[in-house]
**Student:** 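Submitted below is the structure of interest, expressed as structure tokens.
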Protein chains: 2
Amino acid sequence: MDYKFITKTGLFKGVTEEETKAMLKCLGAEEKKFPKDYTIYHMGQTIRRMGLLLKGGINIVRTDVWGNANILGHILPGEVFAETYACNPNEPMISDVITTSESAVLFLDVGKVLQTCVSSCSHHERLIRNLLTVLSLKNLNLSQKINHITPKTIRERLLSYLSWEAVKQGKQHIDIPFSRQQLADYLSVDRSALSSELSKMQREGLLSYKKNHFILREIKVDGEYLKLKE
Amino acid sequence: MDYKFITKTGLFKGVTEEETKAMLKCLGAEEKKFPKDYTIYHMGQTIRRMGLLLKGGINIVRTDVWGNANILGHILPGEVFAETYACNPNEPMISDVITTSESAVLFLDVGKVLQTCVSSCSHHERLIRNLLTVLSLKNLNLSQKINHITPKTIRERLLSYLSWEAVKQGKQHIDIPFSRQQLADYLSVDRSALSSELSKMQREGLLSYKKNHFILREIKVDGEYLKLKE
DNA sequence: GAAAAAATGTTGTCATTACAACAAAGCGGA
DNA sequence: TCCGCTTTGTTGTAATGACAACATTTTTTC
């Protein structure tokens with residue numbers, strides 16, 4: 001198991017490699033591999049273990065009875081998923097968890113840590129605090145998604161999302177983790193309308209793109225539109 | 001201070017009244033009162049203390065540079081706010097926190113509890129675990145809001161929101177904590193279009209309403225529309 | 001209780017998107 | 001390289017909501 005990588009994730013921040021090994025035992029850690037487009041958790045399920053993504057990519061997807069997908073977020077390696085349900089074992093999942101590429105996941109039984117007494121393992125403390133931080137960052141992420149889908153026009157939603165990615169990645173050349181259909185599902189717009197708006201924006205010189213790679217010429221920060229050189 | 005009430009909140013669940021008193025001291029608890037429409041926290045601020053609402057009501061509001069408001073959620077007595085920022089003291093707030101009626105708030109310095117060593121106060125443990133649960137419920141709430149604003153039509157958004165309130169309140173007669181304008185800001189639609197859709201739905205017999213009181217005749221659960229007797 | 005202010009409802013027009021149907025480009029396997 | 005399949009882009013049409021302007025109702029204030 002790649003302890004070096006695990007120690008660098010938000011969940012195990014500030015924990016030494018040695019300690020991590022011990023903790024993983026407490027957590028009943030189990031690594032599993034999944035192929036692309038595999039549904040790890042299904043909507044409606046109640047689950048016990050959360051996941052730490054080691055390799056690959058995951059979408060959190062809510063699909064309604066008519067088959068309309070709504071992507072709540074994307075999980076990158078080093079991030080966790082289903083932590084909300086691991087903390088609330090009674091809540092049924094309101095979304096599916098689906099791999100977007102071949103993936104490796106480390107499953108962790110945090111319930112054990114939360115329910116048993118403090119002293120059983122001296123590092124539980126640290127883990128719980130890290131979990132708090134992780135959860136609150138997830139909150140901010142969800143708020144961001146809300147910001148992206150609050151504008152009424154497709155163009156504004158795109159600029160909101162792409163600008164945010166650009167700021168997050170610290171570049172104006174960005175790769176996004178979504179296909180066109182997935183981006184449409186994330187922004188809650190029609191795919192073909194999205195395509196059409198994108199090419200209109202490209203014609204107007206606001207951005208250029210090829211597949212999942214985008215280059216922004218204008219960015220939206222705090223509601224202001226800033227023009228960028230290059 | 002109303003310890004009896006405080007002990008019944010999610011944050012202090014499972015803590016005796018005696019213990020609560022001790023903990024509040026550790027947390028540097030301070031009660032404050034605010035008038036209606038008062039902005040307790042401003043967007044951009046970095047804050048140290050989270051709030052526990054004792055009395056009144058609060059909206060979490062994000063306003064853009066053009067004055068368009070986006071209501072992220074409503075806080076009822078017994079619920080907490082700004083907990084995300086209290087757990088991440090570096091993150092600036094992305095929203096305002098505004099009272100919707102005369103309110104009383106208990107401010108808690110959770111940073112103290114999170115940063116200092118475990119043993120300083122034996123009940124910190126319990127508090128942190130409760131905080132985990134509270135945070136994950138907040139996550140579910142945000143996901144709910146996303147569900148409400150994902151549909152493209154005003155009618156579907158309304159049914160999604162109202163049905164959810166009905167299920168939460170366990171009745172088909174419900175009171176909502178929003179004015180029309182606030183409801184529009186929560187659902188990200190135009191107020192007048194909302195009004196017009198509401199009255200159309202009333203004409204069609206889907207629901208009836210007066211001010212903030214609604215009676216549903218049809219409810220949306222898991223994407224299915226169920227007709228209700230009255 | 002009258003006047004003013006705020007909240008809610010109504011209506012028509014215009015902009016924008018969803019939707020459908022199709023075209024073109026990209027990709028994988030034989 | 002050719003074929004089939006998937007993804008992305010294009011276009012036209014119908015539906016829907018935003019917006020503005022105004023009417024009506026409700027609440028507040030004096």
Side-chain angles (χ1 to χ4, degrees), chain A residues 35-37 57 59 64 66-71 98 100-102 148-162 175-204 206-214, chain B residues 35-37 57 59 64 66-71 98 100-102 148-162 175-204 206-214:
Chain A
K36 186 173 190 285
D37 296 322
N59 277 343
D64 68 22
W66 298 284
N68 304 311
N70 175 18
I71 297 182
I98 306 178
T100 56
S101 58
E102 199 186 304
H148 299 328
I149 66 177
T150 294
K152 327 115 225 90
T153 65
I154 294 180
R155 174 171 301 207
E156 278 186 295
R157 293 189 189 191
L158 269 170
L159 282 175
S160 175
Y161 169 66
L162 293 174
D175 287 301
I176 67 171
F178 297 132
S179 70
R180 288 289 176 283
Q181 180 64 63
Q182 290 170 340
L183 181 56
D185 290 340
Y186 180 75
L187 296 178
S188 293
V189 298
D190 180 70
R191 182 199 57 77
S192 70
L194 176 72
S195 263
S196 135
E197 187 65 31
L198 268 177
S199 65
K200 196 191 289 179
M201 290 167 81
Q202 180 157 246
R203 256 176 281 141
E204 295 178 19
L206 288 184
L207 48 74
S208 52
Y209 60 93
K210 189 174 184 186
K211 285 209 48 171
N212 299 335
H213 189 79
F214 290 76
Chain B
K36 185 172 190 286
D37 297 321
N59 277 342
D64 68 24
W66 299 283
N68 304 310
N70 175 18
I71 297 182
I98 306 177
T100 56
S101 57
E102 199 187 302
H148 300 328
I149 66 175
T150 294
K152 326 116 227 86
T153 65
I154 294 180
R155 173 170 302 207
E156 278 187 294
R157 293 189 189 191
L158 268 169
L159 283 174
S160 174
Y161 169 66
L162 293 173
D175 287 302
I176 67 171
F178 297 131
S179 70
R180 288 289 177 283
Q181 181 63 64
Q182 290 170 339
L183 181 56
D185 290 340
Y186 180 75
L187 296 179
S188 292
V189 298
D190 180 71
R191 182 199 57 78
S192 69
L194 177 73
S195 265
S196 136
E197 187 64 31
L198 269 176
S199 64
K200 196 192 288 179
M201 290 167 80
Q202 179 157 246
R203 256 175 281 140
E204 295 176 20
L206 288 183
L207 49 72
S208 52
Y209 61 92
K210 189 175 182 186
K211 285 210 45 171
N212 299 335
H213 189 78
F214 290 76

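Only heavy atoms go into these numbers, but all of them, side chains included; no hydrogens, no water, no symmetry mates. Here the structure is a predicted model, which is why all the values come from computation and not from measurement. Just so it is clear: chains get the letters A, B, ... in the order the sequence lines come, proteins before strands, and each one is counted from 1.
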**Student:** Considering every strand and a 4.0 Å limit on heavy-atom distances, what is the contact class for A:Ser195: base, sugar-phosphate, or nothing?
**Tutor:**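 Base: the residue A:Ser195, judged by heavy atoms under 4.0 Å, touches a nucleobase.
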**Student:** To the nearest Å, give me how far apart CG (B:Asp190) and C1' (C:dG9) are.
**Tutor:**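 About 12 Å, once rounded to whole Å.
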**Student:** Expressed as a whole number of angstroms, how long is the span from B:Leu158:CG to C:dG9:P?
**Tutor:**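 Going from B:Leu158 (CG) to C:dG9 (P), I get 11 Å.
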**Student:** Check for a donor-acceptor pair, side chain of B:Arg191 on one end and backbone N or O of B:Ala184 on the other, with a separation under 3.5 Å.
**Tutor:**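 Not confirmed, B:Arg191 side chain does not pair with B:Ala184 backbone.
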**Student:** Show the nearest heavy-atom pair for residues B:Phe178 and B:Asn212, with the distance to one decimal.
**Tutor:**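 Scanning both residues, the minimum pair turns out to be O-OD1, 3.0 Å.
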**Student:** For B:Leu194 and D:dT16, what is the distance between atoms CG and P respectively, to the nearest whole Å?
**Tutor:**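 Roughly 16 Å, once rounded to whole Å.
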**Student:** Answer with base, sugar-phosphate or nothing: what part of the nucleic acid does A:Ser179 contact at a heavy-atom distance below 4.0 Å?
**Tutor:**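 Since only primed, P, OP1 and OP2 atoms lie under 4.0 Å of A:Ser179, the category is sugar-phosphate.
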**Student:** Under 3.5 Å, is there an N or O donor on one side and an acceptor on the other linking the side chain of B:Arg157 and the base of D:dG17?
**Tutor:**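 Side chain to base: no pair present.
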**Student:** So, A:Gln202 side chain and A:Ser199 main chain: donor-acceptor pair closer than 3.5 Å or not?
**Tutor:**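 Pair absent, no side-chain N/O of A:Gln202 close to backbone of A:Ser199.
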**Student:** Counting the atoms with a prime plus P, OP1 and OP2 as sugar-phosphate, which does B:Ser196 contact under 4.0 Å by heavy atoms, base, sugar-phosphate, or nothing?
**Tutor:**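 The residue B:Ser196 makes base contact.
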**Student:** In this structure, how many angstroms lie between the P atom of C:dA25 and the CZ atom of A:Arg180, rounded?
**Tutor:**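 Computing the A:Arg180:CZ to C:dA25:P distance gives 15 Å.
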**Student:** Measure the spacing between CZ of B:Arg157 and OG of B:Ser188 and express it to the nearest 0.5 Å.
**Tutor:**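 Those atoms lie 6.0 Å apart.
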**Student:** Between A:Lys152 and A:Arg191, which residue's closest nucleotide on DNA chain D lies nearer the 5′ terminus?
**Tutor:**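 Nearer the 5' end of the strand: A:Arg191.
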**Student:** Among C:dT8, D:dA18, C:dA18, which nucleotide has an atom closest to any side-chain atom of B:Ile154?
**Tutor:**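 Minimum distance to the B:Ile154 side chain belongs to D:dA18.
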**Student:** Between B:Lys36 and B:Lys200, which has a closest nucleotide on DNA chain C that is more 5'?
**Tutor:**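 Counting from the 5' end, the first nearest nucleotide belongs to B:Lys36.
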**Student:** Between C1' on C:dT17 and CD on A:Glu156, what's the gap in Å once rounded to a whole number?
**Tutor:**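 Taking CD of A:Glu156 and C1' of C:dT17, I get 14 Å after rounding.
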**Student:** Take the protein atom CZ of A:Arg203 and the nucleotide atom P of D:dT10, then report the distance between them rounded to whole Å.
**Tutor:**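 Answer to the nearest Å: 7 Å.
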**Student:** Determine, step by step, whether B:Thr100 and B:Asn59 satisfy the side-chain hydrogen bond (donor to acceptor under 3.5 Å, both in side chains) criterion, reporting the C-alpha distance in whole Å, the side-chain angles of both residues, the deciding distance to 0.1 Å, and the verdict.
**Tutor:** CA-CA 7 Å; B:Thr100 56; B:Asn59 277 342; 5.3 Å; no
**Student:** Expressed as a whole number of angstroms, how long is the span from B:Glu197:CD to C:dG9:P?
**Tutor:**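 These atoms are roughly 13 Å apart.
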**Student:** Using a 4.0 Å heavy-atom cut-off across all strands, classify B:Ser199 as base, sugar-phosphate, or nothing.
**Tutor:**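 Sugar-phosphate contact only - B:Ser199 comes under 4.0 Å of backbone atoms but never of a base.
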**Student:** Between D:dT27, D:dG9, D:dT16, spot the one nearest the side chain of B:Lys211, thanks.
**Tutor:**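 The nucleotide sitting nearest to the side chain is D:dT27.
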**Student:** Expressed in angstrom and rounded to an integer, what is the separation of B:Asn212 atom CG from C:dT8 atom P?
**Tutor:**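 Distance check: B:Asn212 CG to C:dT8 P gives 7 Å.
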**Student:** Students often get this wrong, so: under 4.0 angstrom with heavy atoms, is B:Leu198 touching a base, only sugar-phosphate, or nothing?
**Tutor:**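 It contacts nothing in the nucleic acid.
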**Student:** Side chain of A:Thr153 only, heavy atoms from C-beta on: which candidate in D:dT11, C:dT16, D:dT8 is closest?
**Tutor:**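 In terms of side-chain proximity for A:Thr153, the closest of D:dT11, C:dT16, D:dT8 is C:dT16.
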